[in-house]
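Have a look at the structure below, then the notes.
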Amino acid sequence: MSHLKLPPLPPYQKQQRKSYAGFVRSTSVQSTPSPTSNFATSFQLIVTAPTSSLTNTNTKMSNDQKIPVGFVTMDHQVAGHTFHVGTEEIGMLKSVDDGSVLKPAGSPMCAAREIKFYEQLLTTTDKDILPLRDFIAEYRGTQTLAVGSKAVNFIKLRDLTHGISEPCVIDIKMGRRTWDPLATEQKREAEENKYVGCKNTVGFCIPGLQTHHIASGTYKKFGKEYGKKLNQNTVKEALRLFLNADSGLCRQLIMQILTNLWAIQKWIRTQKVYQFYSSSILIIYDARKLRQILEAKVRTPTTPDGEIRSESPLNSLQNQLKPNRSSSNSLRGSGESLNTLEASGSPTVPKTVYRKIQRSHSSMNNYEQEMQKMKDNYTLMLDNLVGVYDSNKEWVHVKMIDFAHTFNNNEISDGQPTVDKNYLDGIEHLVEMFEELLKQCD
Ligand SMILES: Nc1ncnc2c1ncn2[C@@H]1O[C@H](COP(=O)(O)OP(=O)(O)OP(=O)(O)O)[C@@H](O)[C@H]1O
Ligand SMILES: O=P(O)(O)O[C@@H]1[C@@H](O)[C@H](OP(=O)(O)O)[C@@H](OP(=O)(O)O)[C@@H](O)[C@H]1OP(=O)(O)O
């Protein structure tokens with residue numbers, strides 16, 4: 001255990017924004033949320049529901065947790081402190097209008113530490129730290145809001161799911177060790193006994209993920225009970241589940257994720273300023289965009305070096321269609337329903353050719369799925385037509401989050417500062433897995 005050289009943390013000062021959203025009652029601030037805050041025990045598969053049926057219904061809270069006007073609970077939160085109806089538990093909020101999330105600042109020490117981390121990053125000129133600005137969600141200061149009868153200080157960040165139609169989200173907590181130098185014996189023991197199948201082998205764990213499962217059109221959410229059961233083999237299945245691999249590994253998606261991971265990995269290999277304990281990498285992508293790419297691939301399969309393959313069954317179908325300049329929907333004889341849209345030249349109108357739908361009692365399920373796919377594609381097409389879904393917008397985010405336990409090296413030891421080997425071990429394994437997935441893309 002390195003010799004601790006931790007100056008007493010300054011008394012916790014709330015940096016408050018001038019303006020308050022919602023309302024703030026003048027109340028006596030409770031000193032801290034209970035330090036042993038209970039977490040909602042999450043079942044393995046928390047939620048599964050048809051994607052099309054989802055709306056953010058997270059606005060119902062108990063009276064004593066009335067959510068401030070202008071905010072709702074974060075519907076795409078996959079891990080961390082969540083609101084728990086009827087308890088003191090306060091979780092992430094999402095602004096309804098400015099594309100921000102608010103993270104409750106937590107216990108005074110963690111809050112001061114995380115706010116100090118973000119504030120330092122805003123003003124630093126240290127070239128060794130500057131790359132970190134690109135790896136985190138934009139910090140938008142702090143804000144105090146009344147939640148029920150409490151005035152709570154929040155850290156305000158860019159909502160990385162904002163504008164993402166069908167957000168697939170995974171929280172990957174980095175490092176074998178997830179307790180910080182100030183952790184009590186009890187906390188260390190608790191942390192050491194969690195996610196052991198993953199942390200002790202690949203140096204990271206998955207406290208939560210959600211995916212819009214393209215093949216079945218359902219939304220699936222998995223919590224920490226799922227993550228705690230993963231090992232170095234099944235964690236790869238979890239990544240494939242997150243990536244909709246059963247619909248086809250998408251080279252474009254994996255390349256975008258890897259490009260960001262490589263940048264973080266390169267910086268972690270050399271930076272000697274921070275030790276990141278219990279910090280996560282959050283990966284988010286839009287399943288609606290992925291679906292569009294996969295459909296396009298089926299329509300125009302390409303060779304590994306990107307050349308459009310010569311005649312493929314679908315191409316021959318397309319060629320038979322010789323599409324005219326407008327959408328045409330022709331029903332023929334045996335119930336074949338073919339629909340093709342000639343790409344009108346507009347980047348937002350996809351050339352959509354629906355595969356022949358064979359209607360027979362033996363493939364009725366297939367038919368149902370095909371019909372669901374046609375409906376989804378129509379939605380996508382109409383979105384594109386009305387510009388709701390700008391196909392050029394950013395649809396993949398990879399960001400470092402959660403710095404409540406991030407220490408400056410000069411706080412920890414008086415020896416030579418070193419790289420964060422704990423975090424590095426995790427990201428080396430994570431990059432390796434995504435590089436392996438890239439090789440599996442056809
Ligand atoms: N900038 C963001 N945009 C969108 N979602 C976010 C953002 N930051 C955090 N989240 C969501 O909130 C969850 C928890 O975030 P974070 O880890 O910072 O909180 P926490 O309560 O400290 O978690 P833990 O208890 O695991 O340390 C993440 O898993 C993610 O789903
Ligand atoms: O990573 P998990 O499994 O969500 O564990 C959390 C986590 O350890 C959290 O600590 P922090 O990283 O947010 O500081 C714990 O909060 P407290 O330390 O405030 O109690 C949670 O209790 C942990 O959840 P769980 O109790 O399910 O292990």
Side-chain angles (χ1 to χ4, degrees), residues 1-2 4 78-80 113-114 117 128-129 131-132 134-136 170-183 187-209 224 226-240 242-243 254 257-283 398-413 415-439:
M1 190 52 214
S2 62
L4 283 186
V78 297
R113 185 168 294 286
E114 188 158 26
F117 169 85
D128 294 338
I129 304 181
L132 185 50
D134 296 330
F135 303 150
I136 64 169
I170 189 167
D171 182 316
I172 303 174
K173 190 173 286 223
M174 306 307 288
R176 285 167 204 268
R177 174 180 157 181
T178 52
W179 46 270
D180 71 37
L182 289 179
K187 173 72 173 173
R188 292 177 198 194
E189 199 178 328
E191 290 299 313
E192 288 294 307
N193 292 323
K194 287 189 297 188
Y195 307 94
V196 289
C198 260
K199 285 194 309 194
N200 299 346
T201 52
V202 295
F204 65 81
C205 62
I206 300 177
L209 74 92
K224 57 178 74 175
Y226 167 78
K228 288 176 180 173
K229 294 181 169 62
L230 296 173
N231 60 38
Q232 74 266 40
N233 298 312
T234 52
V235 72
K236 294 173 187 172
E237 286 315 306
L239 293 181
R240 293 177 64 87
F242 166 67
L243 293 167
I254 295 174
I257 293 172
L258 262 177
T259 306
N260 286 281
L261 290 179
W262 282 329
I264 296 172
Q265 177 190 40
K266 180 168 177 261
W267 181 73
I268 289 286
R269 279 175 171 169
T270 55
Q271 75 86 21
K272 295 182 179 177
V273 177
Y274 296 110
Q275 295 294 323
F276 297 95
Y277 298 104
S278 189
S279 183
S280 291
I281 289 181
L282 194 66
I283 303 178
V398 180
K399 294 294 181 186
M400 294 169 74
I401 62 167
D402 194 358
F403 305 100
H405 302 274
T406 293
F407 282 66
N408 282 66
N409 262 322
N410 56 27
E411 287 182 84
I412 299 178
S413 81
Q416 276 302 317
T418 64
V419 297
D420 182 340
K421 297 189 184 84
N422 183 47
Y423 196 105
L424 181 58
D425 176 53
I427 194 153
E428 296 287 355
H429 281 98
L430 186 63
V431 165
E432 217 172 278
M433 287 184 195
F434 273 94
E435 286 172 346
E436 188 47 46
L437 288 164
L438 183 65
K439 286 182 205 150

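Here, residue 1 is the first one in the sequence, and each next residue gets the next number.
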*Which of these passes side chain to side chain donor-acceptor pair (under 3.5 Å) with Arg176: Asp425, Thr201, Asn422?*
Asp425

_Let's go through Lys399 and Phe135 carefully: what are the C-alpha distance in whole Å and the side-chain angles of both, what is the deciding distance for side chain to side chain contact (heavy atoms under 4.5 Å, CB included) to 0.1 Å, and is it a yes or a no?_
CA-CA 5 Å; Lys399 294 294 181 186; Phe135 303 150; 5.8 Å; no

*Is it true that a side-chain atom of Glu411 and a backbone atom of Asn408 form a donor plus acceptor pair closer than 3.5 Å?*
yes

_Under 3.5 Å side-chain donor-acceptor pair for Thr418 and Lys272_ = no

*Supply the atom-to-atom distance Asp171 CG to Lys224 NZ, rounded to the nearest 0.5 angstrom.*
10.0 Å

*asked:* Here's one to test your reading of the geometry: is the NZ or CZ of Arg113 within 45 degrees of the ring axis of Phe403 and under 6.0 Å from its centre?
replied: no

*asked:* Please give me the minimum heavy-atom distance between Pro181 and Tyr277, naming the atom from each residue.
replied: CD-CE1, 3.4 Å

*asked:* Under a plain distance cut-off of 3.5 Å, with no hydrogens placed, do Ser279 and Asp402 share a side-chain donor-acceptor pair?
replied: no

*Which is it for Ile206 and Lys173 under the side chain to side chain contact (heavy atoms under 4.5 Å, CB included) test, yes or no, and what are the steps along the way?*
CA-CA 6 Å; Ile206 300 177; Lys173 190 173 286 223; over 6 Å; no

_Verdict with reasoning, Glu436 to Lys439, per salt bridge (Lys or Arg N to Asp or Glu O under 4.0 Å)_ = CA-CA 5 Å; Glu436 188 47 46; Lys439 286 182 205 150; 3.5 Å; yes

*What's the spacing between Ile283 CD1 and Ile172 CD1 if we round to 0.5 Å?*
4.0 Å

*Charged tip of Arg269 within 45° of Trp267 ring normal and under 6.0 Å*: no

*Assess whether salt bridge (Lys or Arg N to Asp or Glu O under 4.0 Å) is satisfied between Glu192 and Arg188, documenting all intermediate values.*
CA-CA 6 Å; Glu192 288 294 307; Arg188 292 177 198 194; over 6 Å; no

*Ignoring hydrogens and angles, tell me if any N or O in the side chain of Glu237 forms a donor-acceptor pair with the backbone of Arg240 under 3.5 Å.*
no

*asked:* Testing the basics here: between Met433 and Gln232, what is the closest heavy-atom pair and its distance to 0.1 Å?
replied: CE-O, 4.4 Å

*First locate atom CD of Glu191, then atom NE2 of His405, and finally report the distance between them rounded to the nearest 0.5 Å.*
7.5 Å

*Do Gln275 and Asn409 get their side chains close enough for a donor-acceptor pair, meaning under 3.5 Å?*
yes

